[in-house]
Trainee: 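Would you mind keeping the following structure in view while I ask a few things?
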Amino acid sequence: MKKAQIAYICQNCEYRAPKWLGKCPQCESYNTFTEEIIQSKRYEVKPIIGAKPVLFSDIELKDETRIKTGIEEYDRAIGGGLVPGSVHLLGGDPGIGKSTLTLQIADQLSKNGHKILYVSAEESAAQLKIRSARLGISNKSSIYVICETQLDSIRSCVRDLEPDVVIIDSIQMIYKPEIPSAPGMITQVRECATFMTHDAKEMNTTFIIIGHITKEGTIAGPKTLEHLVDAVFYLEGDRYQSFRILRAIKNRYGPTSEIAVFEMTLKGLEEVKNPSELFLSENRDGRTGSVVTASLVGSRVLLSEIQSLTSPCHSGFPSRRVTGLDHQRIHQLIAVLDSKYGFPLSHNDVFVNVVGGIRIEEPSADLPAAIAIASSLKRKSVDASTCTIGEVGLSGEVRPVNQINLRINEAKKLGFKKIIVPKGNSKELSVINDIKVLAVSQLIDAIDLCNL
Ligand code: TYD
Ligand code: MG
């Protein structure tokens, strides 16, 4: 009898090795190798019969082809609705709310007259029904459900039913018996997703595929699939806190900068239309190391709070811990504060954090972060009704940011009385009442204005 060929495959990057390795030589991750039986032959995907090349100029664009889910935050974050025939991957930690969100999407879509197939590979129909009752989904809802894990049976069901949207919950449980690996292994996940992508394009059906990620990244999942699908979204948040952020990682049909914010309630996920209020903690009066900023997230301005803590370092190797901001930029700001303005940060551990699990990618958070560090070091608080915005350069100069008026307006809306902005933006400033706008050209001027 022919001996089955075995290889050890990195579940993170698909590197193959003849023996088990502790560290992957390609992606350098640890403990990611799993034994898998090698399939010499790859399964053929049926070609689309009659496919002919068309002239670019002959391609017609229909006006509004997107399917609106009816959950406004979700629609906005994905670029205006689901594109028919596209494949979405919804990733996230177990228990974060992926099944809840997709069931709510299915309900809204079915209310809008779309045919939905919900493939539940993890939960039984009865469990799904209990969840739907909790979410307030009507008994008359026209969502089709199958509890199935075999790919071929799901595919034939999709062919018979011809739904507009198929939801797969989750890809880690789906398998093809001909493939010798266990469900959830990289080979199974990749092959099953390839078939689904093919069916989506051929039948013009939208697929929303759920994928779990684990902290260790050892189970094959979203990372493997990212290049196969049209769009990748991650549902993030702290399981012990109520809000969740949907973030686009890749989107062939829309921007990747938008986020959608939801709050997990007893009745499922609720949209948060004005997230700024959620991310600002209450009673900021008299708190050292806390500064508010207005940053641009996608097309929206979000007010968030940057916190810093400095404490004397006794080991000789000061530590720097940053959450929600770019590490390199914080290191740069610490260097500017230390060497240019004499803040003794080389003898202090520095911690910087953005409240609420928000990630600010743009440099406009430099000025508030630097002020927060200075405030913590001096043990003096910044007035809680002050907001600051600006990029800081290596010589301590404050550089202009874009969309300044939008940011000032948002700060004013939330009751801020004073805003420190870059002098380089002065020319664009429009007259905005009820908020004092102070323009600065140097970081030290902003620190002085905050009375630190
Ligand atoms: P779930 O959607 O099952 O997570 P995932 O599919 O990502 O694994 O969500 C599970 C958590 O959400 C669970 O801890 C309970 C909570 N939850 C609520 O708080 N309210 C609700 O209405 C529902 C359905 C779930
Ligand atoms: Mg689930």
Side-chain angles (χ1 to χ4, degrees), residues 9-14 32 34 36 39 42-43 45 78 82 85-103 105-106 116-124 127-128 144-158 163 165-203 205-236 246 248-252:
I9 303 179
C10 170
Q11 299 294 311
N12 197 31
C13 70
E14 297 192 45
T32 49
T34 319
E36 285 198 38
Q39 193 75 44
R42 267 185 72 97
Y43 292 91
V45 172
I78 64 173
L82 298 164
S86 65
V87 182
H88 285 211
L89 180 67
L90 178 62
D93 292 336
I96 204 76
K98 300 179 294 299
S99 305
T100 308
L101 179 63
T102 44
L103 201 57
I105 292 170
I116 314 298
L117 175 65
Y118 194 102
V119 182
S120 179
E122 289 181 1
E123 290 170 74
S124 68
Q127 282 172 317
L128 213 60
Y144 291 86
V145 175
I146 49 162
C147 298
E148 181 56 82
T149 49
Q150 276 212 30
L151 180 73
D152 291 332
S153 134
I154 295 167
R155 291 182 79 201
S156 76
C157 189
V158 172
V165 179
V166 181
I167 294 168
I168 308 283
D169 187 2
S170 68
I171 186 77
Q172 269 96 359
M173 296 298 288
I174 311 290
Y175 73 101
K176 213 171 159 31
E178 298 91 316
I179 304 171
S181 313
M185 289 284 126
I186 203 159
T187 326
Q188 280 284 4
V189 168
R190 195 185 354 86
E191 292 289 323
C192 291
T194 309
F195 278 107
M196 286 175 196
T197 310
H198 179 257
D199 285 355
K201 307 286 164 202
E202 194 190 324
M203 300 172 62
T205 300
T206 305
F207 275 70
I208 300 179
I209 301 177
I210 292 179
H212 296 293
I213 41 170
T214 60
K215 292 219 162 42
E216 300 79 30
T218 45
I219 296 180
K223 284 270 165 248
T224 323
L225 303 181
E226 276 174 14
H227 65 279
L228 268 180
V229 299
D230 298 306
V232 182
F233 302 96
Y234 276 75
L235 193 60
E236 301 173 347
L246 184 84
I249 304 295
K250 160 182 172 174
N251 194 351
R252 283 186 184 147

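All residue numbers refer to positions in the sequence shown, counting from 1.
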Trainee: Just how far is it from atom CD1 of I154 to atom SG of C192, taken to the nearest 0.5 Å?
Mentor: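 Reported to 0.5 Å precision, the distance equals 8.0 Å.
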Trainee: To the nearest 0.5 Å, what is the distance between CG (L151) and NZ (K176)?
Mentor: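 So the gap between those two atoms works out to 5.5 Å.
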Trainee: Rounded at 0.5 Å granularity, tell me how far CZ in R252 sits from NE2 in H88.
Mentor: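 Those atoms lie 11.0 Å apart.
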Trainee: For I9 and T187: C-alpha separation, side-chain torsions, deciding distance, then whether side chain to side chain contact (heavy atoms under 4.5 Å, CB included) applies.
Mentor: CA-CA 9 Å; I9 303 179; T187 326; 4.2 Å; yes
Trainee: Quick check: closest heavy atoms across T32 and C10, and the distance to 0.1 Å?
Mentor: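 Closest approach of T32 to C10, heavy atoms only: OG1-SG, 3.3 Å.
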Trainee: Supply the atom-to-atom distance L89 CG to Y234 OH, rounded to the nearest 0.5 angstrom.
Mentor: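 If we round to the nearest 0.5 Å, L89:CG and Y234:OH are 6.5 Å apart.
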Trainee: Looking at every non-hydrogen atom in both residues, tell me the closest pair between D169 and S99 and how far apart they are.
Mentor: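 That closest heavy-atom pairing would be OD2-OG, 2.7 Å.
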Trainee: If every non-hydrogen atom of I209 is compared with every non-hydrogen atom of M196, which pair is closest and at what distance?
Mentor: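 Looks like CD1-SD, 3.7 Å.
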Trainee: If you define the side chain from C-beta out and look only at heavy atoms, does anything of L101 sit under 4.5 Å from L246?
Mentor: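 Yes. Closest side-chain heavy atoms under 4.5 Å.
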Trainee: For I174 versus A121, what's the shortest heavy-atom pair and its separation?
Mentor: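 That would be CD1-CB, 3.8 Å.
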Trainee: Could you tell me which residues satisfy ring-ring contact (aromatic ring centres under 6.0 Å, His included) with Y118, sequence neighbours excluded, listed by chain and number?
Mentor: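 If we apply the ring-ring contact (aromatic ring centres under 6.0 Å, His included) test to Y118, skipping adjacent residues, there are no hits.
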Trainee: Begin with the C-alpha distance, continue with both residues' side-chain angles, and end with the deciding distance and a verdict on side chain to side chain contact (heavy atoms under 4.5 Å, CB included) for F195 and D152.
Mentor: CA-CA 9 Å; F195 278 107; D152 291 332; over 6 Å; no
Trainee: To the nearest 0.5 Å, what is the distance between CD1 (I167) and CG (L90)?
Mentor: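 CG of L90 is found 9.5 Å from CD1 of I167.
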Trainee: Taking all non-hydrogen atoms of both residues into account, name the closest pair between S124 and C147 and its distance.
Mentor: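 Between these two residues, the closest heavy atoms are C-SG, 3.7 Å.
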Trainee: Are L82 and I208 side-chain neighbours, meaning at least one heavy-atom pair lies under 4.5 Å?
Mentor: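 They are in side-chain contact.
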Trainee: Treating D230 as the side-chain partner and V87 as the backbone partner, does any N or O pair qualify as donor plus acceptor under 3.5 Å?
Mentor: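 Confirmed, D230 side chain pairs with V87 backbone.
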Trainee: To the nearest 0.5 Å, what is the distance between CD1 on I168 and CD on E122?
Mentor: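 I168 atom CD1 to E122 atom CD measures 12.0 Å (nearest 0.5 Å).
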Trainee: Any side-chain heavy atom of K98 sitting closer than 4.5 Å to one from S170?
Mentor: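 A side-chain contact under 4.5 Å is absent here.
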Trainee: Tell me, do T149 and P183 make a side-chain contact under 4.5 Å, heavy atoms counted?
Mentor: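 Heavy-atom side-chain distance check fails, nothing below 4.5 Å.
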Trainee: Quick one about E36 and S181 (side-chain donor to acceptor, distance below 3.5 Å, no hydrogens or angles considered), yes or no?
Mentor: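 Present: a donor and an acceptor within the cut-off.
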Trainee: Which heavy-atom pair separates N251 from I78 by the least distance, and what is that distance?
Mentor: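 Between these two residues, the closest heavy atoms are ND2-O, 3.0 Å.
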Trainee: Would you check if P163 and I116 make a side-chain contact, meaning some heavy-atom pair closer than 4.5 Å?
Mentor: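 A side-chain contact is absent here, since even the closest heavy-atom pair is not under 4.5 Å.
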